[in-house]
Amino acid sequence: MNIVTRFAPSPTGSLHIGGIRTALFSWAYAKKNKGKFILRIEDTDLERSTPEAVEIIKNGMKWLKLDHDGDIIFQTQRFDRYKELIQALLDQGDAYYCYTSKAELDQLRELQVNQGVKPKYDGRWRPEENKKLPGIPNNVQPVIRFKTPSNGEIHWKDLVKGEVVIKNEELDDLIIARSDGTPTYNFCVVVDDSDMKVTHVIRGDDHINNTPRQINLLKALNAPIPQYAHLSMILASDGQKLSKRHGAASVMQYRDDGYLPEAVINYLARLGWSHGDNEIFSQEQLIEWFDFDHVSSSAAQFDQEKLEWINSYYIKNKPVDELADLIKPRLLDMGVERLDTDILNNAIKLYQDREKNLNVFAGDILFFFQGIDLSAELKNKYLDEKSKNLIKAFVGEVEKLNWTNDEINKYMKEFVKEKEIKFPEIAMPLRAIIAGTDNTPSIGSIIFILGIDDVKKRISCILK
RNA sequence: GACCCCAUCGUCUAGAGGCCUAGGACACCUGGUUUUCAUCCAGGCAACAGGGGUUCGACUCCCCUUGGGGUCACCA
């Protein structure tokens, strides 16, 4: 069988981490099986869909390298097809016009809730044998409802949840076309999945309750039933539901916040799926290993700290020139005017092992490219007469050195011995003056990278 | 409320009846390396929600309870 999966977001806002994981698993499963991964934009809600949101989806997928096969499909371009099949359903008696107004529906729902029963459409316009339908009102544009089988049950073997059974009597006659004639979600999904020969429907488990409706529709349309895989939710780090206002950052926010796409992918893949004890794996390995047997059926909490750890891993292992490309724009944003490539590369090499975030990374090496403000605190802590004299003496000697990293670091040790001081007594004040902070890697290496002129400038600027 | 889903360390998870004295990772704690801070290395803390079955034997299978979550739209 030729595997076809799809990612079907609605362009109504940001693409967040939950959506991306659904896309990721669908993508991985298709790739693993040498199948097709379709990107379909579910924009039938004309009121809420926006072109900006479509861009967000495209950019997010691109950033994460989740490439889809073929062109992006927009449901709004398929209205003719939906209409055709709605008519077919009407013709074969599986759908009917319903003239109940929204107000009446609200009223009905309220009544049912008050009575403590499950709120659902009561089927007042559903044509049945020996049933007298109400008179058609004048000013109501009808919706079209699907005639859900009134008994029996729908069951399917979910790839992650196992056997799921839902009785038809739990379902009501869903609206497949609004009063303005536009088709609704459940109907479009079914038509598209069937037209596009989707074999595996992979989506969030908030769709479980839609599945029996869709299966009924599929049956009415005489279409094959795909396999279903309902993924559990991702919860915010406090265990609450992820929502726009609560922890559900847009994917692109992660880029802006200093995360690498491969780290996001790796983290997300690991959230709800596992391959033994493997924690770090590439997109290629994910494709090779992915399966539904190891997709977790319970919800997972988002853990920022683990993401950061994975991010740090990928930063440590990334080629310097690639990191430079990522960090350069960040430095520019921070106000750097001139960027020396050698200094940048060397600084990256020196700092790479200690960084877990690209933004912080840029911030940490910012001092290489612009002057620093020495805080009063550091000044008080490290700069007294003694340390100032030491620095002057040190710089006076260091500028005579053969300018290599090793020479400078070697000399620092000699200097310490000669002056009978402890290493930090010279290293810390230098850090403060040169880097504006007391947390840096080897200060000798920093001096080397910066060059003697810049170092002297910084020192005289502060010690003057 | 009805229906559906879920349940192993704080978190992500391994575990397909004996391999489990429950493993790994993040976080945390301790020690080592170190030029401060990190990195790195070594070690440590820490869990099968509860109760019934089934079985010679249950983390693993079944049932109930409890607890979490989802869905009940002319949204997707």
Side-chain angles (χ1 to χ4, degrees), chain A residues 8-12 42-45 47-49 75 98 100-102 105-106 109 112-121 141-145 158 160-162 164-167 169-172 174-180 182 184-186 188-189 203-212 230 232-233 235 237 239-241 267 270-280 293-294 296-310 312 316 351-356 364 382 409 412-413 416 422-428 430-432 437-445:
Chain A
S10 64
T12 53
E42 311 227 318
D43 53 353
T44 51
D45 186 344
E47 310 234 316
R48 298 199 305 151
S49 299
Q75 290 189 322
C98 165
T100 313
S101 69
K102 278 185 200 179
L105 248 20
D106 288 343
R109 192 172 309 122
Q112 289 167 326
V113 169
N114 288 342
Q115 288 173 347
V117 299
K118 184 168 182 161
K120 58 184 206 182
Y121 173 64
Q141 280 296 314
V143 298
I144 299 171
R145 287 185 186 268
D158 197 277
V160 347
K161 304 287 187 186
V164 181
V165 184
I166 294 175
K167 293 185 191 65
E169 59 195 55
E170 296 296 333
L171 277 23
D172 61 4
L174 71 156
I175 291 172
I176 55 176
R178 303 181 180 92
S179 38
D180 66 0
T182 56
T184 59
Y185 168 74
N186 281 110
C188 300
V189 166
R203 57 186 11 170
D205 70 0
D206 49 336
H207 283 286
I208 284 190
N209 293 282
N210 285 324
T211 304
H230 286 98
S232 315
M233 312 247 83
L235 273 21
S237 47
Q240 298 289 104
K241 191 191 173 185
Y267 175 71
R270 194 61 192 67
L271 194 62
W273 172 79
S274 61
H275 184 263
D277 288 340
N278 292 291
E279 297 289 345
I280 299 286
D293 292 347
H294 295 86
S296 167
S297 50
S298 55
Q301 244 169 268
F302 189 86
D303 183 1
Q304 183 82 13
E305 276 165 341
K306 187 145 184 186
L307 205 213
E308 274 170 18
W309 173 74
I310 292 181
S312 78
K316 283 188 197 88
Y351 274 74
Q352 192 171 13
D353 274 350
R354 53 203 296 124
E355 300 293 348
K356 54 184 184 183
D364 283 350
Y382 297 115
N409 279 300
M412 280 194 79
K413 293 197 174 91
V416 163
K422 294 216 176 85
F423 206 104
E425 287 182 76
I426 182 68
M428 297 312 278
L430 278 171
R431 283 194 169 94
T437 165
D438 51 3
N439 296 347
T440 78
S442 162
I443 187 65
S445 301

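None of the values given here were measured: they were computed from a predicted structure. Throughout, protein chains are lettered first and strands after them, A, B, ... in sequence-line order, and every chain is numbered starting at 1.
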**Q** Can you say whether a donor on the side chain of A/Ser442 sits under 3.5 Å from an acceptor on the base of B/U35, or the other way round?
**A**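 Yes.
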**Q** Can you check whether any acceptor in the base of B/U13 is under 3.5 Å from a donor in the side chain of A/Arg270, or vice versa?
**A**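 Check fails, no donor-acceptor contact within cut-off.
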**Q** Quantified in whole Å, what is the P atom distance between nucleotide B/G67 and nucleotide B/G24?
**A**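 Rounded to whole Å, the distance is 34 Å.
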**Q** Test of understanding: with salt bridge (charged side-chain N to carboxylate O under 4.0 Å, His left out), list the residues that count as partners of A/Glu279, not counting sequence neighbours.
**A**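 Applying salt bridge (charged side-chain N to carboxylate O under 4.0 Å, His left out) to A/Glu279 gives A/Arg270, A/Lys306.
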**Q** Considering only side-chain heavy atoms of A/Glu305, which listed nucleotide, B/A27, B/C12, B/C3, is closest?
**A**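 Nearest to the side-chain atoms of A/Glu305, counting from C-beta on, is B/A27.
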**Q** Between B/G70 atom P and A/Glu170 atom CD, what is the distance in whole Å?
**A**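 Value for this atom pair: 19 Å.
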**Q** B/U66 pairs with which nucleotide, Watson-Crick or G-U wobble, both distances below 3.5 Å?
**A**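 For B/U66, the partner nucleotide comes out as B/A7, under the 3.5 Å rule.
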**Q** Mark yes or no for a side-chain to base donor-acceptor pair under 3.5 Å between A/Glu279 and B/G24, with no hydrogen or angle criteria applied.
**A**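 Checked by distance alone, the answer is yes.
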**Q** What's the gap between B/C62 and B/G17 when it is taken at their C1' atoms, as a whole Å value?
**A**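 Between the two C1' atoms, the distance is 14 Å.
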**Q** Residues in side-chain contact (heavy atoms from CB on, under 4.5 Å) with A/Gln304, at least two apart?
**A**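 Only A/Tyr259, A/Phe302, A/Glu308 meet the side-chain contact (heavy atoms from CB on, under 4.5 Å) criterion with A/Gln304.
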**Q** If you assign A/Lys167 and A/Ser445 each to the RNA chain B nucleotide with the nearest heavy atom, which residue ends up on the more 5' nucleotide?
**A**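 It is A/Lys167 whose nearest nucleotide is closer to the 5' end.
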**Q** Please report the distance separating the C1' of B/G70 from the corresponding atom of B/C75, rounded so that it comes out in whole Å.
**A**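 It comes out at 16 Å once rounded to the nearest Å.
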**Q** For B/G15 and B/A47, measure between their C1' atoms and round to the nearest Å.
**A**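 The same atom, C1', in both gives a distance of 13 Å.
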**Q** Can a donor-acceptor pair be found, under 3.5 Å and without considering hydrogens, that links the side chain of A/Asp438 to the backbone of A/Ala432?
**A**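 Between the backbone of A/Ala432 and the side chain of A/Asp438 there is no qualifying donor-acceptor contact (under 3.5 Å).
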**Q** Of the options B/U35, B/G69, B/U39, whose atoms approach the side-chain atoms of A/Asn409 most closely?
**A**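 Of the options given, the side chain of A/Asn409 lies nearest B/U35.
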**Q** Tell whether A/Asp277 reaches the base of B/G23 with its side chain through a donor-acceptor pair below 3.5 angstrom.
**A**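 Yes.
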**Q** Atom OG in A/Ser312, atom CD in A/Glu355: separation rounded to 0.5 Å?
**A**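 Between A/Ser312 OG and A/Glu355 CD, I get 10.0 Å after rounding to 0.5 Å.
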**Q** Rounded to whole Å, please give me the gap between CG in A/Asp438 and P in B/A38.
**A**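 It is 11 Å, rounded to the nearest whole Å.
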**Q** Return no unless some side-chain N or O of A/Lys422 is found under 4.0 Å from OP1 or OP2 of B/U36.
**A**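 Indeed not, no polar side-chain atom of A/Lys422 lies that close.
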**Q** Rounded to the nearest Å, what distance is computed from the NZ atom of residue A/Lys306 to the C1' atom of nucleotide B/U11?
**A**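 Taking atom C1' of B/U11 as the reference, NZ of A/Lys306 is at 8 Å.
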**Q** Indicate, with a heavy-atom threshold strictly under 4.0 Å, whether A/Gly272 touches base, sugar-phosphate, or nothing.
**A**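 Counting heavy atoms under 4.0 Å across all strands, the contact made by A/Gly272 is with sugar-phosphate only.
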**Q** With a 3.5 angstrom cut-off on both distances, give the Watson-Crick or G-U wobble partner of B/G1, or none if there isn't one.
**A**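 Base partner found: B/C72.
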**Q** Of the options B/U35, B/A27, B/A7, whose atoms approach the side-chain atoms of A/Trp309 most closely?
**A**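 Selected nucleotide (nearest to the side chain): B/A27.
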**Q** B/G69 C1' sits how many Å from A/Asn209 CG, rounded?
**A**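 It works out to 12 Å between those atoms.
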**Q** Rounded off to whole Å, could you give me the CG-to-C1' distance for the A/Asp205 and B/C6 pair?
**A**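 Taking atom C1' of B/C6 as the reference, CG of A/Asp205 is at 8 Å.
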**Q** Spell out, as yes or no, whether a donor-acceptor pair under 3.5 Å connects the side chain of A/Glu170 to the backbone of A/Lys167.
**A**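 Looks like no, no N/O pair under 3.5 Å.
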**Q** Roughly how many Å is it from CD1 in A/Ile426 to P in B/U36, rounded to a whole number?
**A**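 Atom CD1 in A/Ile426 sits about 15 Å away from atom P in B/U36.
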**Q** Quick check for you: among B/U13, B/G69, B/C5, whose closest atom lies nearest to any side-chain atom of A/Val164?
**A**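 The closest nucleotide is B/C5.
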**Q** Can you tell me the distance, in whole Å, between the CG atom of A/Asp293 and the C1' atom of B/G15?
**A**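 To the nearest whole Å, that distance equals 14 Å.
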**Q** Respond yes when some side-chain nitrogen or oxygen of A/His294 is under 4.0 Å from OP1 or OP2 of B/G15, and no when none is.
**A**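 Yes.
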**Q** Can any side-chain N or O of A/Tyr267 pair as donor or acceptor with the backbone N or O of A/Trp309 at less than 3.5 Å?
**A**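 Checked: no pair found.
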**Q** Is it the case that A/Thr437 and A/Asn439 place a side-chain donor and acceptor less than 3.5 Å from each other?
**A**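 No, A/Asn439 and A/Thr437 have no side-chain donor paired with an acceptor closer than 3.5 Å.
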**Q** Of A/Leu307 and A/His275, whose nearest nucleotide on RNA chain B comes first from the 5' end?
**A**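 Per heavy-atom nearest nucleotide, the more 5' residue is A/His275.
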**Q** Any idea which of B/U11, B/C4, B/C12 is nearest the A/Ile208 side chain?
**A**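 The answer is B/C4.
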**Q** At under 4.0 Å, does any side-chain N or O of A/Thr440 touch on OP1 or OP2 of B/A38?
**A**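 Answer is no, no contact under 4.0 Å.
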**Q** Pick base, sugar-phosphate or nothing for A/Val416, based on heavy-atom distances below 4.0 Å to the nucleic acid.
**A**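 No contact at all - A/Val416 keeps every heavy atom at 4.0 Å or more from the nucleic acid.
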**Q** All N/O contacts under 3.5 Å from nucleotides 74-76 of chain B to the protein, with atom names and distances to one decimal?
**A**
from: B/C74; atom 1: O2; to: A/Ser179; atom 2: N; distance (Å): 2.9
from: B/C74; atom 1: O2; to: A/Ser179; atom 2: OG; distance (Å): 2.8
from: B/C74; atom 1: N3; to: A/Ser179; atom 2: OG; distance (Å): 2.8
from: B/C75; atom 1: OP1; to: A/Arg178; atom 2: NE; distance (Å): 3.2
from: B/C75; atom 1: OP2; to: A/Arg178; atom 2: NE; distance (Å): 2.1
from: B/C75; atom 1: OP2; to: A/Arg178; atom 2: NH2; distance (Å): 2.7
from: B/C75; atom 1: O3'; to: A/Arg178; atom 2: NH2; distance (Å): 3.0
from: B/C75; atom 1: O2'; to: A/Asp45; atom 2: OD2; distance (Å): 2.8
from: B/C75; atom 1: O2'; to: A/Arg48; atom 2: NH2; distance (Å): 2.8
from: B/C75; atom 1: O2; to: A/Arg48; atom 2: NH2; distance (Å): 3.3
from: B/A76; atom 1: OP1; to: A/Thr44; atom 2: OG1; distance (Å): 2.9
from: B/A76; atom 1: OP1; to: A/Asp45; atom 2: N; distance (Å): 3.4
from: B/A76; atom 1: OP1; to: A/Arg178; atom 2: NH2; distance (Å): 2.3
from: B/A76; atom 1: OP2; to: A/Arg178; atom 2: NH2; distance (Å): 3.2
from: B/A76; atom 1: OP2; to: A/Tyr185; atom 2: N; distance (Å): 3.1
from: B/A76; atom 1: O3'; to: A/Glu42; atom 2: O; distance (Å): 3.3
from: B/A76; atom 1: O3'; to: A/Glu42; atom 2: OE1; distance (Å): 3.2
from: B/A76; atom 1: O2'; to: A/Ser10; atom 2: OG; distance (Å): 3.2
from: B/A76; atom 1: N6; to: A/Asn210; atom 2: OD1; distance (Å): 3.3
from: B/A76; atom 1: N6; to: A/Asn210; atom 2: ND2; distance (Å): 3.2
from: B/A76; atom 1: N1; to: A/Asn210; atom 2: ND2; distance (Å): 3.3

**Q** Let's see if you can work this out: which of B/C40, B/C12, B/G1 has an atom nearest to the side-chain heavy atoms of A/Lys118?
**A**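 The answer is B/G1.
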**Q** Got A/Thr184 and A/Arg178 here, is their nearest side-chain heavy-atom distance under 4.5 Å?
**A**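 Counting from C-beta outward, A/Thr184 and A/Arg178 do come under 4.5 Å.
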**Q** Specify the separation, in whole Å, of atom CG of A/Asp172 and atom P of B/A73.
**A**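 Rounded to the whole Å, the gap is 7 Å.
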